[in-house]
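Working notes, beginning with the structure itself.
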Amino acid sequence: SLQAHVGLNLGCGSFSFAEIPQQFDYIFGVSGTLSTLNSVEIETLCKYKFERLAYAPSIYGQTTRDVEKPVVISRKDDWMLRIIQSINYKIEAQRASIVFFANNEALEEFKAYAEAKNSFRNLQVLNELTPYKDAVVKRATTSGMVTLAPRIFGRGVDFVCRDPKTRSNGGVQVIQTFPASSAAEAVQISGRTARQGDPGSYELILWEEDLASINISSSELTAAQENYTLQALLDKKRDEVYTKNVEQLVEKSKEALDKHKLTMEFHNALVSYDNTPAAKGDIRRRILELNNSGNVVQGSKLHIYYCLDDSGSMAGGPWDQLKQAVTASENKRIELCQNAGANPQDLVTIVNYSSSAKVMCQRVEIMKNPERNMQFRGGGTNFAAGLEAVYQEMKNVAEGYVPVLLFMSDGGCGNGEAEIEKIGKDLKDKNVQVYVIGFGNGCNTAKMQNMASLGGGKYFFGTDGDNLQLAFEEISVELTTTTFHT
């Protein structure tokens with residue numbers, strides 16, 4: 001009926017998470033990485049009126065952790081082989097080894113490589129889907145055991161060594177196979193060994209291509225290796241990228257402050273509402289304020305470019321969940337357009353990428369189910385390939401259409417920053433809208449957030465299929481609200 005399809009989509013404000021703690025009477029924090037905070041983070045703590053930073057030494061005294069010199073390998077096969085060699089050297093000494101990877105995709109690739117060479121006798125994987133995680137964590141420190149885990153398990157998991165054979169032979173070995181996103185993450189991962197006064201060792205074995213995530217060039221790497229300053233270079237570049245990301249978050253919190261204040265005023269007006277004409281008028285005025293404070297995009301027609309990760313880690317359930325999210329996104333856009341009295345005229349182009357990129361469909365009308373062209377291929381992960389392919393499509397956007405990029409991945413790789421920055425800059429005059437969507441706990445969140453910033457866009461994240469769908473639908477709502485805003 002007409003009544004069922006007529007209505008208004010009204011925003012009721014948005015809260016800034018950065019401002020909510022200001023309402024707390026007391027704030028206490030405990031961290032094992034307090035000493036790694038940069039100046040921007042310390043300033044942020046001061047904003048929340050932290051009056052004291054106290055450092056407590058370990059009750060176990062000085063750490064006995066043996067930290068080996070970092071190693072960077074240029075060829076991927078050689079990198080994985082070096083990791084295997086390092087592990088086997090420790091296993092032969094009757095120790096245990098825990099290896100942390102950037103994401104589940106990198107973990108599975110290494111696992112397949114190692115199994116093809118029959119590299120390990122006792123191998124286990126610890127990830128989000130592992131049943132009986134506590135039992136796996138306990139076995140991880142047993143003499144002769146090799147444990148592979150994504151980076152998320154490098155923080156907070158207590159790998160206590162209860163095996164006297166492991167302890168007496170040098171303790172647990174920890175290998176980190178990717179550049180840390182922050183000094184805090186590096187401290188946390190290295191801290192998974194030599195716990196509670198036990199011996200242990202930590203090693204950083206990196207693939208050269210991954211250094212692009214912290215902006216290290218080949219010339220800089222060569223110079224650092226020749227001058228024996230590799231660790232200093234890794235730390236310096238990591239901290240520069242991290243500080244830039246933190247500064248961008250601070251700026252975004254400032255941008256959100258005005259909307260937060262309006263929302264709080266609206267909330268207080270609702271709480272104190274007394275059904276008087278003055279109160280009713282105040283509520284109406286505040287609703288209008290909240291719905292008249294957005295950026296206007298000229299034109300109502302969008303050309304939506306999906307750049308979707310179809311690498312090996314997306315096989316099966318994750319790919320089905322992504323298809324459902326894309327479908328829900330299109331359906332939400334159609335529904336909101338129709339509710340606003342507009343005939344959806346959007347076009348959709350879908351680009352899949354793994355080791356290579358492929359255009360699955362071009363300029364398909366959104367009403368004609370373009371998601372049916374999505375086909376899974378498998379392979380590695382190459383952000384640059386996908387973004388370059390979608391850029392070639394986007395630069396030919398038709399007159400009168402606003403280009404919208406939805407770039408999605410469940411992992412990470414060593415490239416993509418330059419390509420997404422080019423999209424944001426080259427298509428700025430066409431009012432390009434950029435959205436970066438991370439999926440699952442294996443996603444390199446720091447990298448994806450940085451890419452969103454480089455592209456001048458926004459970052460969304462879905463921990464699972466349901467949340468991924470919500471993220472895609474939220475983007476459609478934002479696009480529609482902005483497009484039809486008056």
Side-chain angles (χ1 to χ4, degrees), residues 38 72 76 79 100-109 149-155 176-186 188-189 204 206-217 234-249 252 307-314 318 353-355 357 380-388 390-391 405-424 434-463 468 471:
N38 61 32
V72 178
K76 194 169 192 178
W79 168 64
F100 292 102
F101 293 88
N103 49 57
N104 283 312
E105 181 182 353
L107 184 157
E108 290 298 331
E109 185 177 5
R151 70 198 303 165
I152 189 172
F153 288 92
R155 303 186 71 134
Q176 181 180 327
T177 65
F178 58 92
S181 62
S182 65
E185 183 178 42
Q188 287 281 352
I189 291 176
L204 189 60
L206 304 176
W207 179 32
E208 184 175 345
E209 186 172 312
D210 287 338
L211 298 184
S213 66
I214 53 174
N215 301 329
I216 293 181
S217 65
L234 291 169
D235 293 347
K236 176 178 179 290
K237 289 292 192 173
R238 174 202 66 205
D239 292 345
E240 286 176 354
V241 171
Y242 180 70
T243 298
K244 181 180 179 181
N245 289 338
V246 172
E247 288 173 342
Q248 289 171 343
L249 288 174
K252 288 182 178 179
C307 191
L308 306 175
D309 184 345
D310 68 347
S311 59
S313 59
M314 285 294 295
Y353 73 92
S354 50
S355 302
T381 304
N382 187 339
F383 286 1
L387 288 166
E388 181 59 32
V390 82
Y391 172 72
L405 171 64
L406 276 73
F407 175 78
M408 169 272 161
S409 178
D410 72 334
C413 73
N415 57 39
E417 286 85 357
E419 289 75 16
I420 200 164
E421 187 172 19
K422 180 170 69 172
I423 289 173
V434 175
Y435 297 91
V436 177
I437 307 109
F439 179 32
N441 290 325
C443 172
N444 188 338
T445 303
K447 180 182 178 70
M448 297 288 276
Q449 288 176 328
N450 184 46
M451 290 180 66
S453 296
L454 289 172
K458 294 185 178 181
Y459 176 69
F460 288 77
F461 179 70
T463 54
L468 181 68

Is there a side-chain contact between Met448 and Tyr459 in this structure, where contact means two heavy atoms from C-beta onward sitting under 4.5 Å apart?
yes
CD/Glu209 to SG/Cys413 distance, rounded to the nearest 0.5 angstrom?
6.5 Å
Looking only at non-hydrogen atoms, find the nearest pair between Ser311 and Ser354 and report the distance.
CA-CB, 3.8 Å
For Lys252, the salt bridge (charged side-chain N to carboxylate O under 4.0 Å, His left out) test, sequence neighbours excluded, returns none
Return yes if a side-chain donor-acceptor contact under 3.5 Å exists between Asn103 and Asp410, otherwise no.
no
Glu109/Lys76 salt bridge by N-O under 4.0 Å criterion
yes
Please check if the side chain of Asp309 supplies one atom and the backbone of Met408 the other of a donor-acceptor pair under 3.5 Å.
no
For Lys458, I'd like to know if atom NZ has over 12 heavy atoms of other residues, nucleotides or ligands within 6.0 Å.
no
Taking side-chain contact (heavy atoms from CB on, under 4.5 Å) as the test, write out the residues that go with Lys237, two or more places apart.
Ile214, Ile216, Glu220, Leu233, Glu240
Please report the interatomic distance OG1(Thr381) to OH(Tyr353), rounded to the nearest 0.5 Å.
6.5 Å
Would you say Leu387 and Met451 make side-chain contact, with heavy atoms under 4.5 Å?
yes
Between atom CZ of Phe178 and atom CG of Leu204, what is the distance when rounded to the nearest 0.5 Å?
9.0 Å
Between Tyr242 and Val246, is the side chain to side chain contact (heavy atoms under 4.5 Å, CB included) condition met? List the steps.
CA-CA 6 Å; Tyr242 180 70; Val246 172; 3.7 Å; yes
Taking the side chain as everything from C-beta on, heavy atoms only, tell me whether Leu206 gets closer than 4.5 Å to Pro179.
yes
Salt bridge (charged side-chain N to carboxylate O under 4.0 Å, His left out) against Glu417, all qualifying residues, sequence neighbours excluded
Lys447
Any side-chain heavy atom of Ile437 within less than 4.5 Å of one from Leu468?
yes
Check the angle between the aromatic planes of Phe383 and Phe407 and answer parallel, tilted or perpendicular using the 30° and 60° thresholds.
perpendicular
Supply the atom-to-atom distance Leu454 CG to Gln248 CD, rounded to the nearest 0.5 angstrom.
7.0 Å
Could you check Ser453 against Asn245 for side chain to side chain contact (heavy atoms under 4.5 Å, CB included), going step by step and ending with a plain yes or no?
CA-CA 8 Å; Ser453 296; Asn245 289 338; 5.5 Å; no
Between Ala357 and Ala385, what is the shortest heavy-atom contact and its length?
CB-O, 3.4 Å
The side chain to side chain donor-acceptor pair (under 3.5 Å) partner of Arg151 among Gln176, Gln188, Glu185 is Glu185
Grab the two heavy atoms, one from Gly380 and one from Ser355, that are nearest each other, plus how far apart they are.
N-OG, 2.7 Å
Approximate separation, where rounding is to 0.5 Å, of Asp210 CG and Asn444 CG
9.0 Å
Let me confirm one number: the CD1-CD distance from Ile423 to Glu388, rounded to the nearest 0.5 Å.
8.0 Å
Judged by atom type as modelled, is there a donor-acceptor pair below 3.5 Å linking the side chain of Thr463 to the main-chain atoms of Gly440?
no
